[in-house]
Amino acid sequence: MRLSVCVLLVTLALCCKQANGLACPIVVTESLEFLDIPPALYKLSLQKFNPPSENVDAKLKVKECTDKMSALDRNQIKIALKEILLKKCTP
């Protein structure tokens with residue numbers, strides 16, 4: 001199953017045109033909050049999207065896993081996210 005997902009992602013990356021739209025500031029903020037803030041605050045932060053409770057629960061389960069990562073690993077992910085998401089916003 002994992003291999004098929006990887007193959008799909010690589011295929012999409014190679015075959016699809018690159019989008020040149022700007023990253024929505026809310027997406028950037030939400031992505032960084034996911035790595036930074038505690039689960040209780042993150043749950044409150046998600047309420048601005050008015051999501052179904054099942055989606056919030058699923059997102060918090062994933063957050064539990066990322067919260068177990070070292071601070072160094074999370075910082076490296078944040079640097080990569082900022083580079084990818086904010087790079088398109090600068091002319």
Side-chain angles (χ1 to χ4, degrees):
M1 179 70 176
R2 285 184 180 178
L3 181 59
S4 63
V5 173
C6 293
V7 170
L8 173 65
L9 291 175
V10 170
T11 304
L12 288 173
L14 294 175
C15 297
C16 296
K17 284 186 160 183
Q18 181 179 359
N20 54 358
L22 297 176
C24 174
I26 292 176
V27 171
V28 175
T29 302
E30 195 274 332
S31 298
L32 295 175
E33 284 179 350
F34 179 77
L35 294 167
D36 282 337
I37 64 177
L41 290 176
Y42 185 66
K43 185 174 183 178
L44 289 174
S45 173
L46 288 175
Q47 295 311 310
K48 64 184 165 221
F49 301 112
N50 197 19
S53 62
E54 310 84 54
N55 294 11
V56 173
D57 294 339
K59 190 89 174 188
L60 290 173
K61 282 186 181 182
V62 174
K63 183 162 175 46
E64 285 178 23
C65 294
T66 59
D67 286 348
K68 293 177 184 175
M69 296 171 61
S70 71
L72 178 64
D73 289 341
R74 282 195 307 244
N75 282 334
Q76 289 176 338
I77 292 171
K78 286 190 292 189
I79 290 168
L81 276 174
K82 287 177 186 176
E83 185 174 321
I84 293 166
L85 295 174
L86 297 177
K87 186 177 190 179
K88 293 184 178 185
C89 294
T90 57

_I'd like to check the side-chain hydrogen bond (donor to acceptor under 3.5 Å, both in side chains) partners of Asp57; sequence neighbours left out, ordered by chain and number._
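Scan of Asp57 (side-chain hydrogen bond (donor to acceptor under 3.5 Å, both in side chains), adjacent residues dropped) gives none.
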*Under the side-chain hydrogen bond (donor to acceptor under 3.5 Å, both in side chains) rule, collect the residues that match up with Ser70, sequence neighbours excluded.*
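Residues passing side-chain hydrogen bond (donor to acceptor under 3.5 Å, both in side chains) with Ser70: Asp73.
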Only distances under 3.5 Å count here; give the side-chain donor-acceptor pairs of residues 26-40 to other protein atoms, sequence neighbours excluded, each with its distance to 0.1 Å.
| from | atom 1 | to | atom 2 | distance (Å) |
| --- | --- | --- | --- | --- |
| Thr29 | OG1 | Pro25 | O | 3.0 |
| Glu30 | OE2 | Tyr42 | OH | 2.0 |
| Glu30 | OE2 | Lys59 | NZ | 3.4 |
| Ser31 | OG | Val27 | O | 2.8 |
| Glu33 | OE1 | Ser45 | OG | 2.5 |
| Asp36 | OD1 | Lys78 | NZ | 2.7 |

*Quick one: list whatever passes salt bridge (Lys or Arg N to Asp or Glu O under 4.0 Å) with Lys43, sequence neighbours left out.*
none
*Provide the full list of salt bridge (charged side-chain N to carboxylate O under 4.0 Å, His left out) pairs with a residue in residues 62-71, sequence neighbours left out, each pair given once.*
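Those involving residues 62-71 are Lys63-Asp67.
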*Honestly curious: do Val62 and Leu60 fall in one hydrophobic cluster under the side-chain, below-4.5 Å linking rule?*
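Yes, Val62 connects to Leu60 through the hydrophobic network.
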*Which pairs count as ring pair (Phe, Tyr, Trp, His ring centres under 6.0 Å) when at least one residue sits in residues 45-65, sequence neighbours excluded?*
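Of all non-adjacent pairs touching residues 45-65, none passes ring pair (Phe, Tyr, Trp, His ring centres under 6.0 Å).
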